[in-house]
Amino acid sequence: MDSGHIGNGHDASSDLHLYDTIHNHLVGLGFSKNGKGYYVEGGLTKQKIRDLHSAQRNDILKQRQSFVSSQGPALIKHFATGRDVNPDAIDPEIVEVKSESLDSRLFRFASLLWSVPVSQGFGRRLRFLVRDRQNGKLIGIFALGDPVFNLSARDNWIGWNHEDRCDRLVHVMDAYVVGAVPPYSQLIGGKLVASLMTSQEVKRAYERKYLGSESVIRKKKHRARLVLLTTTSALGRSSIYNRLSLPNGPHFQRIGTTRGFGHFHLSGEIFEALRGHLEATGHPYASGHRFGMGPNWKLRVARAALEDIGVDGNSILKHGIEREVYAIPLAKNWQKILLGSNKNVRSLTSPASEIADFCISRWMVPRAGRDDRYRNFDPESMIQSLLD
């Protein structure tokens, strides 16, 4: 990318200013620049990835300050102290989140704790809390939403062509947030939460909501049977999904990586500057995420604005942070369903209680025996950490 090429026949000084603003922002995040674009020097450690997302996270926390201040004191009562947790007595319950409810506010608050900001999901969407019946406190959260349309690692692994994907992507959901909250996260509770999203209870919740529903775009009823989940790691190699396998049930299979391409590093004021540039030129993308523009409206805005000022969009949007992609088949004949040769699903799902018993005895109780620091956790510290 060469600042000497900035300008497309309109206000060249404004274009150069926008370019300089983007450059300074990326360098401030920790990116370095070469002739091909921006990159991160050295290995991408988990801490480096957190640092690169810090501006995006700070923007979100700034927007949510009023919510945290007003709702936080009541919501943290749903988080356990370390003393509230008896590892041998953990008894998970999956609770589907309804809009405009206490559970919805609790999900929203918990999602702010993630160091890499949580997506809001799009299209079909199911959100869940995992609570501990022994004390009524929150163990973790997970949410399923429409998968992205283009994901080469997934499509190559399944064996899909474009037509297959158009016809049968409805049988796939993507887990866009998965994890435990403290103190359960200190007991490897993330593996429990991830495992529970493969349960019969979740499959039934999906089918209650979407089986026989009508496609928004094609206006066609489909048999939306959930046979595959996908998810991606947030911080490089996943400690939650790696080698996660349930007895006689689903296996979390690493199937590739994402391309390290997106717009998370162009958050907040930078994105608004790009959108403002399009607005000044009368570009239709500037007016907002309209139906028909697809879920990647922000990506489209960024690319259009960058190319309008004479910058190769790929040089900015290729951030290089690849995420591991995992596939979790929920049926023995998942591939035949997704390729259209079978219609009747041979399910691999198990009751949540069976999954929980395995996870608690396999990971959580042994961890508690090796490391009792979880007992020191006090949720009162969370509100201030979100407001600082």
Side-chain angles (χ1 to χ4, degrees), residues 74-98 101-111 113-114 126-144 175 177-206 208 229 231 239-241 244-252 328 330 347-380 382:
L75 294 175
I76 61 167
K77 295 177 182 177
H78 295 266
F79 290 80
T81 69
R83 296 178 301 278
D84 292 328
V85 179
N86 174 358
D88 290 297
I90 293 172
D91 186 9
E93 176 186 19
I94 299 173
V95 180
E96 186 177 353
V97 174
K98 305 298 184 184
S101 64
L102 169 62
D103 288 342
S104 179
R105 295 192 296 276
L106 182 55
F107 184 99
R108 181 181 174 193
F109 182 86
S111 69
L113 301 174
W114 267 239
L126 289 164
R127 297 176 297 159
F128 298 90
L129 305 179
V130 179
R131 287 188 179 271
D132 190 348
R133 292 186 182 94
Q134 74 164 306
N135 52 32
K137 306 298 185 180
L138 185 66
I139 294 176
I141 62 174
F142 65 92
L144 309 179
V177 53
V178 184
V181 298
Y184 295 93
S185 56
Q186 297 166 263
L187 296 173
I188 323 183
K191 286 186 181 289
L192 167 67
V193 174
S195 299
L196 287 172
M197 71 185 186
T198 73
S199 66
Q200 290 177 358
E201 287 83 346
V202 171
K203 183 173 180 288
R204 285 197 293 266
Y206 171 85
R208 277 197 306 269
L229 296 176
T231 192
S239 58
I240 291 180
Y241 310 131
L244 181 53
S245 179
L246 300 175
N248 303 312
H251 298 247
F252 285 63
I328 311 103
L330 302 183
S347 179
L348 270 174
T349 59
S350 300
S353 58
E354 291 182 12
I355 294 171
D357 287 345
F358 170 76
C359 294
I360 293 165
S361 62
R362 172 67 178 82
W363 291 296
M364 301 184 76
V365 170
R367 169 57 67 89
R370 295 192 303 269
D371 185 349
D372 66 356
R373 285 178 291 178
Y374 73 93
R375 294 182 181 275
N376 300 323
F377 177 73
D378 185 343
E380 292 291 335
M382 291 195 299

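Hydrogens, waters and symmetry mates are skipped; everything else that's a heavy atom, side chains included, is used. We count residues from 1, following the sequence as given.
Ile355 is listed as a side-chain neighbour of Cys359, based on a closest heavy-atom distance under 4.5 Å. Residues Tyr374 and Pro87 have side chains in contact (heavy-atom distance under 4.5 Å, counting atoms from C-beta outward). Using a 4.5 Å heavy-atom threshold, the side chains of Leu229 and Leu330 count as touching. Looking at Phe109 and Val181, their side chains never come closer than 4.5 Å, going by heavy atoms from C-beta outward. No side-chain heavy atom of Phe128 sits less than 4.5 Å from a side-chain heavy atom of Val95. The shortest distance between side-chain heavy atoms of Val202 and Leu144 falls below 4.5 Å. Here the side chains of Pro379 and His78 are not in contact, with every heavy-atom distance at 4.5 Å or above. For the pair Phe107/Val177, a side-chain contact is recorded, criterion being any heavy-atom separation below 4.5 Å from C-beta on.
The two atoms that bring Ala180 and Gly189 nearest to each other are CB-C, 3.5 Å, heavy atoms only. Counting all heavy atoms, side chain and backbone alike, Ala110 lies closest to Phe79 at CB-CZ, 4.2 Å. Closest non-hydrogen pair, Ala80 versus Pro183, comes out as O-CD, 3.2 Å. Minimum interatomic distance between Pro182 and Gln186 (heavy atoms only, all atoms of both residues): CB-OE1, 4.1 Å. Here the closest heavy-atom approach between residue Ser199 and residue Ile94 is recorded as OG-CD1, 3.4 Å.
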>> side-chain contact (heavy atoms from CB on, under 4.5 Å), that's the test. Do Thr198 and Thr349 meet it? Break it down for me.
In response: CA-CA 6 Å; Thr198 73; Thr349 59; 5.5 Å; no
>> Pair Val193, Tyr184 - check side-chain contact (heavy atoms from CB on, under 4.5 Å), show working.
In response: CA-CA 10 Å; Val193 174; Tyr184 295 93; over 6 Å; no
> Do Gln200 and Ser347 pass the side-chain contact (heavy atoms from CB on, under 4.5 Å) test, and can you show the C-alpha distance, the side-chain angles, and the key distance before you say yes or no?
Replying inline: CA-CA 9 Å; Gln200 290 177 358; Ser347 179; 5.7 Å; no
>> Show, in sequence, the C-alpha distance, side-chain angles and deciding distance for Leu246 and Phe358, and conclude whether the side-chain contact (heavy atoms from CB on, under 4.5 Å) test is met.
In response: CA-CA 8 Å; Leu246 300 175; Phe358 170 76; 3.9 Å; yes
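For Arg133, the CZ atom is densely surrounded, since the number of other residues' heavy atoms within 6.0 Å is greater than 12.
For the atom pair Leu196 CG and Ile139 CD1, the distance stands at 8.0 Å (nearest 0.5 Å). Remark: Leu138 CG to Asp132 CG distance equals 10.0 Å, nearest 0.5 Å. Distance check: Ser353 OG to Glu93 CD gives 12.0 Å after rounding to the nearest 0.5 Å. Distance check: Ser245 OG to Ile328 CD1 gives 12.0 Å after rounding to the nearest 0.5 Å. Considering CD1 of Ile76 and NZ of Lys137, their distance stands at 9.5 Å, rounded to 0.5 Å. Atom-to-atom distance recorded for Asn248:CG and Leu348:CG is 9.0 Å, nearest 0.5 angstrom.
Note: Phe252 and Tyr241 have parallel aromatic rings, judged against thresholds of 30 and 60 degrees for the angle between ring planes.
We find that Arg208 and Glu96 are joined by a salt bridge, their nearest charged nitrogen and carboxylate oxygen being less than 4.0 Å apart. At a threshold of 4.0 Å, the pair Asp103-Arg131 counts as salt-bridged, since one of the basic side-chain nitrogens sits closer than that to a carboxylate oxygen. Here Glu201 does not pair with Lys203 in a salt bridge; the nearest charged N to carboxylate O distance is not below 4.0 Å.
Side-chain atoms of Thr81 do not come within 3.5 Å of backbone N or O of Phe377 as any donor-acceptor pair. Between the side chain of Gln134 and the backbone N or O of Val85 there is no donor-acceptor pair closer than 3.5 Å.
Under the side chain to side chain contact (heavy atoms under 4.5 Å, CB included) criterion, Arg108 pairs with Arg64, Phe67, not counting sequence neighbours.
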